[in-house]
Amino acid sequence: MRTLTGIQPSGKLHWGNYFGAMRSMFDRQNTDDLFMFIANFHAMTTVRDGTTLRDATRDVALDYLACGLDPAKSLIYRQSDVPEVQELAWYLSCLTPMGLLERCHSYKDKLARGLDATHGLFAYPVLMAADILIMQADLVPVGRDQKQHLEVTRDLAQKFNNAYGEVFRLPDAYIPERVATIPGLDGQKMSKSYHNTIELFEDVKSIKKKVMSIVTDSKGLEEPKEPEGNSIYELYKLFATPEEAAEMADSFRKGGYGYGHAKKALLEAYHRLFDPFRAKREELAKDPATLEDILREGGRRAREAAAPTMEKVRKAVGL
Ligand code: ADP
Ligand code: TRP
C-alpha cells in the first residue's frame with residue numbers, strides 16, 4: 001500500500017503535530033510504502049522570504065528524521081525536487097472547473113484570516129492533487145481540514161481518466177477520527193494559530209517554563225482531583241506508559257498530589273522521549289551535506305516513481 005502525505009514548512013512543529021500526525025506515520029514505516037514530502041511549493045502561498053522558506057524546509061526534514069523517519073525504509077523529499085508535479089498540475093488545471101475551487105472551504109477560510117487572494121492560493125488544491133496522483137498513492141493521511149482537498153483530488157483523477165483513459169488511481173483519504181485533540185498551554189487545541197504550542201525542539205528552559213505555565217484550575221494540593229480532561233494529565237498520557245498514566249490518575253484522585261508534581265512528571269516524561277531525538281537532531285544539523293544527500297536521494301527516488309505515470313500522462317494528453 002502506498003501511503004503519501006505532505007506537510008507545509010510554514011512553522012515549527014509542536015507536540016500536537018507529533019502525537020496527532022507524525023507518530024502514526026512512523027508506525028506505518030514497516031508495513032507501508034511511505035512517501036513523506038515537504039510541501040515547499042505550497043508554503044509559498046504564505047511564506048514570502050527565500051531564506052525563511054529554505055530554513056523551514058530544512059527544519060521540518062530534521063524534525064522528521066530526528067523523531068524516527070527512517071530514510072532506509074521511507075521516502076522523504078522536497079516537493080520542489082519533483083518538478084513534474086507542476087507540469088501535472090497544469091494538465092489537471094485545464095480540467096478543473098472554477099466552481100470546484102470556488103467551493104473549497106480552506107480557500108475561503110484563508111481569505112477570511114487575511115491571506116492575499118492570489119492565484120496560487122486559489123489553485124492550491126490542484127497542486128495538491130498533482131502531488132498525490134503523480135505517485136499513484138492509495139492512502140493519504142491528512143487532518144480533517146484537508147478532507148475536501150482529497151475529494152477534489154479524486155474528482156480531478158476521475159475527470160482525467162474520463163477524458164484521456166485510465167491513468168490515475170483514486171486515492172483514499174485517511175482521517176484518523178479518534179486522534180485525540182492535543183491540548184495546548186491554555187487548554188484549547190494546541191495549534192500554531194492559537195500561539196499555545198510547545199515546539200518539539202525549542203530551548204529546554206523555554207519548554208520547562210511553558211510546562212510550568214499550563215493552565216489548571218485552582219484546587220489546592222490536598223484536594224482530590226479528576227484527571228480526565230485535565231491538560232497536564234492528557235499530555236502526560238501521551239508520553240507515559242499506561243501504568244505510569246494510571247499511577248498519576250490514582251494520585252490525583254487520592255488527593256495530596258498537586259499540579260506542580262504532575263507538571264514535573266510531564267517534563268521528565270518529555271525528556272525521556274525527546275532527549276534522544278534532540279541528540280539525533282543536533283547530530284544531523286551539524287552535517288548539512290548528509291541531510292542534503294538524504295533529501296536529494298528521496299527526491300530522486302520519488303521522481304523515478306513518478307516517471308512511468310508522467311510518461312502515460314504526456315502520451316494521453318497529446319505531447
Ligand atoms: P496547526 O494547527 O499548528 O497549524 P497543522 O494544521 O499544520 O497544525 O497540523 C498538521 C498536522 O498535525 C495535522 O495532521 C493535524 O491533524 C495534526 N495536529 C496539529 N495540531 C494538533 C492537535 N492539537 N491535536 C492533534 N493533532 C494535531
Ligand atoms: N495541504 C496540506 C496541508 O496544508 C499539505 C499538502 C500538500 C499535502 N500536498 C499534499 C498533504 C498532498 C497530503 C498530500 O496540511
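As the structure lists them, so they are numbered: ligands from 1, and atoms in each ligand from 1. Computed from a prediction, not measured in an experiment: that's the story for all the values here.
With a 4.0 Å cut-off on non-hydrogen atoms, Leu127 does not touch ligand 2 at all. At a heavy-atom distance under 4.0 Å, only side-chain atoms of Ile132, from C-beta outward, approach ligand 2. Heavy atoms of Gln146 found under 4.0 angstrom from ligand 2 belong exclusively to the side chain. When heavy-atom distances to ligand 1 are checked against a 4.0 Å cut-off, His14 comes that close only through its side chain, counted from C-beta outward.
Taking the six-membered ring for Trp, Tyr164 and Tyr91 have ring centres at least 6.0 Å apart.
Some N or O of Gln8 is nearer than 3.5 Å to an N or O of ligand 2, by distance alone. Considering backbone and side-chain atoms together, Ser193 places no N or O closer than 3.5 Å to any N or O of ligand 1. Residue-to-ligand polar distances place Ile182 within reach of ligand 1: an N/O pair is separated by less than 3.5 Å. Distances between N or O atoms of Met190 and those of ligand 1 include at least one value under 3.5 Å.
Taking every heavy atom of Phe37 and a limit of under 4.0 angstrom, the matching atoms of ligand 2 come to 9 (N), 10 (C), 12 (C). The distance from ligand 2 to the heavy atoms of Val140 drops below 4.0 Å at these ligand atoms: 13 (C), 14 (C). Each of the atoms 2 (O), 20 (N), 21 (C), 22 (C), 23 (N) of ligand 1 lies under 4.0 Å from some heavy atom of Lys189. In the vicinity of Gly20, heavy-atom distances shorter than 4.0 Å reach the ligand 1 atoms 25 (C), 26 (N). Of all atoms in ligand 1, listed by their number and element, those nearer than 4.0 Å to a heavy atom of Thr181 are 24 (N). Counting atoms of ligand 2 from 1 in the listed order, those under 4.0 Å from a heavy atom of Tyr124 are 1 (N), 2 (C), 3 (C), 4 (O).
Between Tyr259 and the options Asp217, Ile214, Val215, a side chain to side chain contact (heavy atoms under 4.5 Å, CB included) holds for only Asp217.
Using cut-offs of 30° and 60° on the angle between ring planes, the pair Phe239 and Phe274 is perpendicular. Between Phe252 and Tyr257, the ring planes lie perpendicular to each other; the angle is over 60°, past the 30° to 60° tilted range.
When all heavy atoms of Leu295 and Arg78 are compared, the pair lying nearest together is CD1-NH1, 3.7 Å.
Salt bridge Asp155/Lys159: present, at least one basic N to carboxylate O contact under 4.0 Å. Electrostatic pairing of Glu304 and Arg300 counts as a salt bridge here, judged by a charged N lying under 4.0 Å from a carboxylate O. Between Asp81 and Arg301 there is no salt bridge, since none of the side-chain N atoms of the basic residue sits less than 4.0 Å from a carboxylate O of the acidic one. Contact check on Glu166 versus Lys312 returns no salt bridge, with no Lys/Arg side-chain nitrogen under 4.0 Å from an Asp/Glu carboxylate oxygen.
Scanning the protein heavy atoms around atom 9 (N) of ligand 2, the nearest turns out to be Asp131 OD2, 2.8 Å. Residue, atom and distance of the protein heavy atom nearest to atom 13 (C) of ligand 2 are Gly6 N, 3.3 Å.
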What verdict does the side-chain hydrogen bond (donor to acceptor under 3.5 Å, both in side chains) test give for Asp49 and Thr52, after you've listed the backbone C-alpha separation in whole Å, the side-chain angles of each residue and the deciding distance to 0.1 Å? CA-CA 5 Å; Asp49 175 78; Thr52 306; 2.5 Å; yes
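Considering only non-hydrogen atoms, atom 7 (O) of ligand 1 lies nearest to Lys192 out of Gln146, His195, Lys192. Of all the listed residues (Ala21, Pro183, Gly11, Ser10), Ala21 holds the heavy atom that lies closest to atom 17 (C) of ligand 1.
No cation-pi contact links Lys225 to Tyr233, judged by a cut-off of 6.0 Å to the six-membered ring centre and 45° from its axis.
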